[in-house]
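Structure, as structure tokens:
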Amino acid sequence: MNRYLIPLGAFVVLIGFFFVGLHLNPREVPSPLVGKPAPDFKLSRLDSPAEQFSSTSLRGKVWMLNVWASWCVACREEHALLVDVAQQGKYNIVGLDYKDQSTDAKQWLQQYGNPYQLVVTDPDGRVGIDFGVYGVPETFIIDKQGIIRHKVIGPITSETMEKTVAPMIAELERQ
Amino acid sequence: MSRVALALAVLLLTATSLATAGEATPTAQDPVTQARTMELARKLRCLVCQNQTIADSEADLAKDLRQQIAEQVNAGRSDSEIIAFMTDRYGDFVLYKPPFKASTVMLWVGPAFLLVLAFAILYRTLRRHAGASEATALTEADRARARAVLEEHMEGESPK
């Protein structure tokens with residue numbers, strides 16, 4: 001009996017690994033910044049480039065930093081959801097326009113809607129590097145102390161919004 | 001096309017593709033900075049084209065990061081400081097060669113371990129079969145019977 005149980009057992013273990021592994025995304029790179037302070041930045045506003053916006057001004061508030069660009073096709077997938085959520089007025093969403101041309105960015109927002117409280121521009125992507133951005137879109141949830149609590153890699157789906165983002169923001173607001 | 005011609009054509013095509021593959025076009029800089037930048041870039045993974053180093057990749061992010069490295073080199077940062085800058089922001093995956101840590105022990109040791117395990121099982125199985133074959137060695141009586149059967153069926157040919 002033992003002769004057959006051992007290979008069977010090994011097979012079952014392997015199948016277990018396959019089931020877990022097939023659900024994972026091998027390209028996803030988890031962020032080492034979760035739980036660490038969000039890098040402070042001071043960037044020009046998209047609507048008035050002469051004005052600079054400093055991220056420290058958002059201390060005491062729970063906010064989302066949404067990294068997007070007009071050339072990013074995947075960003076369109078989550079944009080309708082963001083516009084919808086913004087219309088409900090629940091969240092502070094700041095847009096980081098990553099490696100983009102301002103004219104293209106403004107046109108894109110006019111075409112697809114503007115869910116952002118404000119948009120800052122990062123034309124050479126340096127602030128992006130500080131946040132460990134390696135693709136677009138990416139969204140960071142930041143708490144009242146300025147600590148990054150979660151990073152959404154890729155477009156935010158309604159499932160992610162419902163199951164992860166909304167409950168987390170509700171919890172952080174309570175703190 | 002003859003097989004030889006086909007083989008030569010394939011060889012030629014692969015040879016030319018190998019010739020053009022190489023490191024990404026470098027940004028204009030002095031050679032010392034350039035050399036050190038590329039040396040560091042070869043140790044880091046491009047997170048967009050994840051099988052390439054930052055040195056090899058033509059992705060925008062790779063270009064930006066090469067630029068970052070060059071600036072830090074010029075600012076006088078040490079190699080370990082620059083590597084730490086990258087791993088702080090992107091995590092261990094940005095290192096092209098995975099570090100040897102508790103979390104990567106299985107990655108490094110696993111294949112060798114499985115190989116040893118496979119050889120151990122093979123050895124055990126062979127030992128068992130070698131033992132079994134002793135019992136089926138021919139006895140003299142068996143040999144005589146075998147000879148008789150052979151003489152019956154092979155007319156004119158003598159069994160050796």
Side-chain angles (χ1 to χ4, degrees), chain A residues 2-4 6-7 9-11 13-14 16-17 20-21 24-41 65 67 69-74 96-101 122-138 140 147-148 150-151 153-154, chain B residues 27 37 40-41 44-54 57-72 75 77 81-96 98-99 101 103-104 106-107 110-111 113-114 117-118 120-122 124-125 128-129 132:
Chain A
N2 253 359
R3 278 184 64 191
Y4 302 108
I6 294 173
F11 180 71
V13 168
L14 264 181
F17 274 115
V20 172
L24 299 173
N25 178 357
R27 289 190 51 85
E28 201 171 85
V29 181
S31 174
L33 292 173
V34 174
K36 299 228 175 79
D40 290 331
F41 61 84
L65 181 71
V67 183
S70 64
W71 47 260
C72 161
V73 180
L96 182 77
D97 187 26
Y98 179 74
K99 302 208 70 181
D100 208 353
Q101 304 282 354
D122 187 16
D124 51 15
R126 278 165 197 280
V127 172
I129 290 179
D130 275 341
F131 273 88
V133 170
Y134 69 95
V136 219
E138 287 181 3
F140 297 85
I147 310 278
I148 297 177
H150 188 66
K151 177 183 180 184
I153 297 172
Chain B
T27 51
T37 302
L40 281 164
L44 296 167
R45 185 192 306 270
C46 173
L47 292 168
V48 179
C49 320
Q50 294 179 343
N51 285 327
Q52 289 183 303
T53 61
I54 289 178
S57 175
E58 291 278 7
D60 269 359
L61 180 64
K63 288 190 197 144
D64 291 344
L65 289 175
R66 282 199 297 272
Q67 180 69 31
Q68 259 296 331
I69 297 172
E71 283 173 17
Q72 297 209 6
R77 297 260 174 80
E81 282 176 327
I82 297 176
I83 301 276
F85 178 90
M86 294 296 170
T87 51
D88 281 347
R89 285 154 182 74
Y90 292 100
D92 279 342
F93 194 60
V94 78
L95 297 171
Y96 200 60
K101 277 178 159 175
S103 54
T104 57
M106 282 300 286
L107 176 69
F113 173 71
L114 285 174
L117 188 69
I121 294 174
L122 183 68
R124 238 185 35 160
T125 315
R128 211 189 300 143
H129 285 177

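By convention in this document, chain letters (A, B, ...) are assigned in the order of the sequence lines, proteins followed by strands, and residues within each chain are numbered from 1.
- Partners of P98(B) according to the side-chain contact (heavy atoms from CB on, under 4.5 Å) rule, which considers only residues two or more places apart in sequence or in another chain, are L107(B), W108(B).
- At a 4.5 Å heavy-atom cutoff, the contact between L47(B) and chain A is made by backbone and side-chain atoms alike.
- Residue P32(A) comes nearest to G91(B) through the heavy atom pair CG-N, 3.3 Å, listed as atom of the first residue, atom of the second, then distance.
- Of the two parts of P26(A), only the backbone, made up of N, CA, C and O, holds a non-hydrogen atom closer than 4.5 Å to a non-hydrogen atom of chain B.
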Please report all inter-chain donor-acceptor pairs (under 3.5 Å) between chain B and chain A, with distances to 0.1 Å.
from	atom 1	to	atom 2	distance (Å)
V48(B)	O	R27(A)	NH1	3.4
V48(B)	O	R27(A)	NH2	2.6
Q50(B)	NE2	R27(A)	O	2.8
D64(B)	OD1	K99(A)	NZ	2.8
D64(B)	OD2	K99(A)	NZ	2.6
E71(B)	OE1	R126(A)	NH1	2.9
E71(B)	OE1	R126(A)	NH2	3.4
E71(B)	OE2	R126(A)	NH2	2.6
R89(B)	NE	D130(A)	OD1	3.0
R89(B)	NH2	D130(A)	OD1	3.3
Y90(B)	OH	V133(A)	O	3.1

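- Taking chain B as the reference chain and counting heavy-atom pairs below 4.5 Å, the highest number among V29(A), I129(A), L33(A) is found for I129(A).
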